[in-house]
Amino acid sequence: MNALEGIRVIDLSTSYSAPIATMQLADFGAEVIKIENVKAGDGSRSWNPCINGQSIHFLYMNRNKKSVALNLKSEEGKKILFELVKGADIVVENYRPGVTKKLGIDYEALRAVKPDIIMASLSGYGQTGPYAHRGAYSNLAEAQSGLMYITGWPAPEGKPTASGVAFGDSVAGMFLVQGIMYALYYREKTGKGQYIDVSMVDSLVALLQHCFVQYSLLGQEPERIGDRDLSDYPYDLFEAKDGYCQLGNSTPTDWSRFAEAIGRPDLGEDPAYKTSVQRWEHINELHDIVQDWASKHTRKEIETIFSEYGQLYAPVLKISEVLEDEQILFREMVVDMEYEGMGKYKDKGIPVKMSETPGQIRMMPPHLGEHTDEILAGLGYTAEQIGALRAEGTVR
């Protein structure tokens with residue numbers, strides 16, 4: 001049995017942010033019916049790079065879903081949506097604020113059809129506030145939230161830096177799943193549905209950890225510090241003979257074992273470096289000492305030495321190396337997939353491991369409208385009626 005077996009989700013979302021959330025629900029057994037527009041489907045189907053005219057982007061956020069191609073601008077299309085909502089638990093969308101109301105499918109319209117429906121909306125800035133109607137994507141959200149400012153190398157040479165992936169979309173999708181789980185639990189206790197409003201900017205602001213407190217209590221503007229950590233040093237990136245690695249002191253109150261590991265036990269006894277604060281005061285000289293040592297060793301040699309001394313080590317892996325890493329493979333975070341017209345490929349596994357109700361990859365990402373006939377037949381439409389709807393452009 002899957003954790004969310006019996007839960008039906010109507011997924012009106014497109015692109016990346018909310019589809020990440022509905023994929024997670026689908027991974028744990030929810031039936032996710034993805035509603036796509038009849039002309040081209042989810043916008044991510046056409047994003048570069050493509051193979052045989054099909055985008056690789058659509059693949060990694062739409063597994064375990066069914067696709068229905070439906071024209072929501074038509075009255076018959078909305079009628080079909082409402083019929084689906086009657087048998088659903090959750091509706092997810094990520095249009096710009098105001099679009100669902102314009103289409104006549106907002107929360108008020110849906111709960112008139114299904115009073116206990118849970119509707120979850122994900123947007124760049126949220127459904128309320130002076131920026132609500134602005135469009136956004138991950139880098140814009142990272143900039144607006146302050147996350148981009150504190151990411152990257154120190155000024156003046158270093159500029160604010162975005163993450164290497166659509167981080168804002170992924171994090172907001174995860175928070176959307178949280179909200180949906182809270183709402184399901186509340187509905188189980190009370191029988192009441194509710195509306196969930198998650199924004200990418202809010203989600204990234206929530207990740208700023210100590211930054212608000214640092215500024216408001218200490219009067220210090222958090223600045224970029226590269227690969228370092230304010231709480232202790234050495235915790236930094238170093239270049240070995242054959243690549244980069246991130247090293248760290250396992251015991252901030254005592255760095256003598258780290259000093260021994262790099263062949264400098266004298267540094268562990270030096271009163272100038274005793275505390276984390278003192279080591280930060282001498283950060284550049286300590287960095288150069290550790291870097292000089294690291295440059296004489298391979299990553300594997302450093303791993304062996306740091307393991308012996310109980311210090312923190314991780315190689316900076318390329319994606320090709322991640323795909324072959326024994327820990328990643330053991331945790332089943334690399335899975336084999338195959339998509340018609342594109343061939344076999346590797347994708348990410350399911351990160352949440354559950355002893356009784358583990359997630360499963362049951363279906364490949366759907367082709368546009370692949371399940372239209374199946375879903376409509378389940379609503380009682382005959383083959384002739386479905387054919388007529390297809391002919392008039394209501395479904396595909």
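Predicted model only: the values in this text are computed from it and were never measured. Throughout, residue positions are numbered sequentially from 1 according to the sequence presented.
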Residue pairs fulfilling side-chain hydrogen bond (donor to acceptor under 3.5 Å, both in side chains) with at least one residue in residues 309-322, sequence neighbours excluded: Ser250-Gln311, Arg299-Glu321
In short, side-chain hydrogen bond (donor to acceptor under 3.5 Å, both in side chains) pairs touching residues 24-43 with sequence neighbours left out are Arg8-Glu31, Thr14-Asp42, Asp27-Arg63, Asp27-Asn64, Glu31-Lys66, Lys34-Asp42, Lys34-Asn62, Glu36-Arg45, Glu36-Ser67, Asp42-Ser44
Does atom [atom1] of [X] have more than 12 heavy-atom neighbours, drawn from other residues, nucleotides or ligands, at distances under 6.0 Å?
X: Glu332; atom1: CD; value: no
X: Tyr345; atom1: OH; value: yes
X: Leu218; atom1: CG; value: yes
X: Glu221; atom1: CD; value: yes

Would a 4.5 Å heavy-atom cut-off, applied to side chains only, mark [X] and [Y] as touching?
X: Glu223; Y: Pro154; result: no
X: Ile328; Y: Arg331; result: no
X: Arg187; Y: Asp89; result: yes
X: Leu286; Y: Trp255; result: yes
X: Val91; Y: Ile105; result: no
X: Arg228; Y: Pro234; result: no
X: Ile80; Y: Leu389; result: yes
X: Tyr182; Y: Ile196; result: no

Name the atoms and distances for all side-chain donor-acceptor pairs under 3.5 Å in residues 159-177, with sequence neighbours left out.
{"residue": "Thr161", "atom": "OG1", "partner": "Lys159", "partner atom": "O", "Å": "3.0"}
{"residue": "Ser163", "atom": "OG", "partner": "Glu142", "partner atom": "OE2", "Å": "2.8"}
{"residue": "Ser163", "atom": "OG", "partner": "Val165", "partner atom": "O", "Å": "2.9"}
{"residue": "Ser170", "atom": "OG", "partner": "Tyr16", "partner atom": "OH", "Å": "3.0"}
{"residue": "Ser170", "atom": "OG", "partner": "Ala166", "partner atom": "O", "Å": "3.4"}

Quick one, Asp236 with Ile283, criterion side chain to side chain contact (heavy atoms under 4.5 Å, CB included). Give me CA distance, side-chain angles, the key distance, then yes/no. CA-CA 10 Å; Asp236 207 345; Ile283 194 167; 5.5 Å; no
With sequence neighbours excluded, give me every ring pair (Phe, Tyr, Trp, His ring centres under 6.0 Å) pair touching residues 102-147. Tyr107-Tyr195, Tyr125-Tyr131
Just grab all the ring pair (Phe, Tyr, Trp, His ring centres under 6.0 Å) pairs involving residues 71-91, residues at least two apart or on different chains. none
Would you say [Y] ends up clustered with [X] if hydrophobic residues are merged whenever their side chains have heavy atoms under 4.5 Å apart, either directly or through other cluster members?
X: Met181; Y: Ile90; result: yes
X: Met354; Y: Ile361; result: yes
X: Met148; Y: Leu204; result: no
X: Leu323; Y: Val335; result: no
X: Leu207; Y: Val205; result: yes

For the pair [X] (side chain) and [Y] (backbone), establish whether a donor and an acceptor sit closer than 3.5 Å, ignoring hydrogens and angles.
X: Gln360; Y: Arg362; answer: no
X: Asp325; Y: Gln327; answer: yes
X: Arg396; Y: Gly369; answer: no
X: Trp280; Y: Asp229; answer: yes
X: Asp11; Y: Ser13; answer: yes
X: Gln278; Y: Pro271; answer: yes
X: Ser307; Y: Thr304; answer: no
X: Glu301; Y: Thr298; answer: yes
X: Lys192; Y: Lys189; answer: no

Without placing hydrogens or testing angles, list every side-chain donor-acceptor pair under 3.5 Å for residues 336-343, not counting sequence neighbours.
{"residue": "Asp336", "atom": "OD1", "partner": "Lys346", "partner atom": "NZ", "Å": "2.6"}
{"residue": "Tyr339", "atom": "OH", "partner": "Pro366", "partner atom": "O", "Å": "3.2"}
{"residue": "Tyr339", "atom": "OH", "partner": "His367", "partner atom": "ND1", "Å": "3.2"}

Do the side-chain N and O atoms of [X] and [Y] include a donor-acceptor pair separated by under 3.5 angstrom?
X: Ser74; Y: Glu76; result: no
X: Glu285; Y: Tyr273; result: yes
X: Gln246; Y: Asp227; result: no

Identify, with sequence neighbours excluded, every residue that meets salt bridge (charged side-chain N to carboxylate O under 4.0 Å, His left out) alongside Glu75. Lys78
Could you work out, with side chain to side chain donor-acceptor pair (under 3.5 Å) as the rule, every residue matching Thr100, not counting sequence neighbours? none
Under the side chain to side chain contact (heavy atoms under 4.5 Å, CB included) criterion, do Val316 and Leu237 qualify, and how do the steps go? CA-CA 9 Å; Val316 178; Leu237 181 77; 3.4 Å; yes
So how far is it from [X] [atom1] to [Y] [atom2], rounded to the nearest 0.5 Å?
X: Gln127; Y: Asp106; atom1: CD; atom2: CG; value: 10.5 Å
X: Leu84; Y: Leu70; atom1: CG; atom2: CG; value: 7.5 Å
X: Lys353; Y: Met333; atom1: NZ; atom2: CE; value: 5.5 Å
X: Ser121; Y: Arg96; atom1: OG; atom2: CZ; value: 15.0 Å

Derivation and outcome, side chain to side chain contact (heavy atoms under 4.5 Å, CB included), residues Thr357 and Asn2: CA-CA 5 Å; Thr357 55; Asn2 297 112; 5.7 Å; no
[X]: what forms a ring pair (Phe, Tyr, Trp, His ring centres under 6.0 Å) with it, not counting sequence neighbours?
X: Trp153; value: none
X: His287; value: Phe238
X: His297; value: Trp293

Measure across Asn71 and Val38 and return the closest heavy-atom pair with its distance rounded to 0.1 Å. N-CG1, 3.6 Å
Salt bridge check: are Lys300 and Asp242 linked by an N-O gap of less than 4.0 Å? no
Show the numbers, then the answer: is there a side chain to side chain contact (heavy atoms under 4.5 Å, CB included) between Ser15 and Trp47? CA-CA 9 Å; Ser15 300; Trp47 292 353; 3.6 Å; yes
Checking Glu83 now: which residues fulfil side-chain contact (heavy atoms from CB on, under 4.5 Å) with it, not counting sequence neighbours? Lys86, Leu379
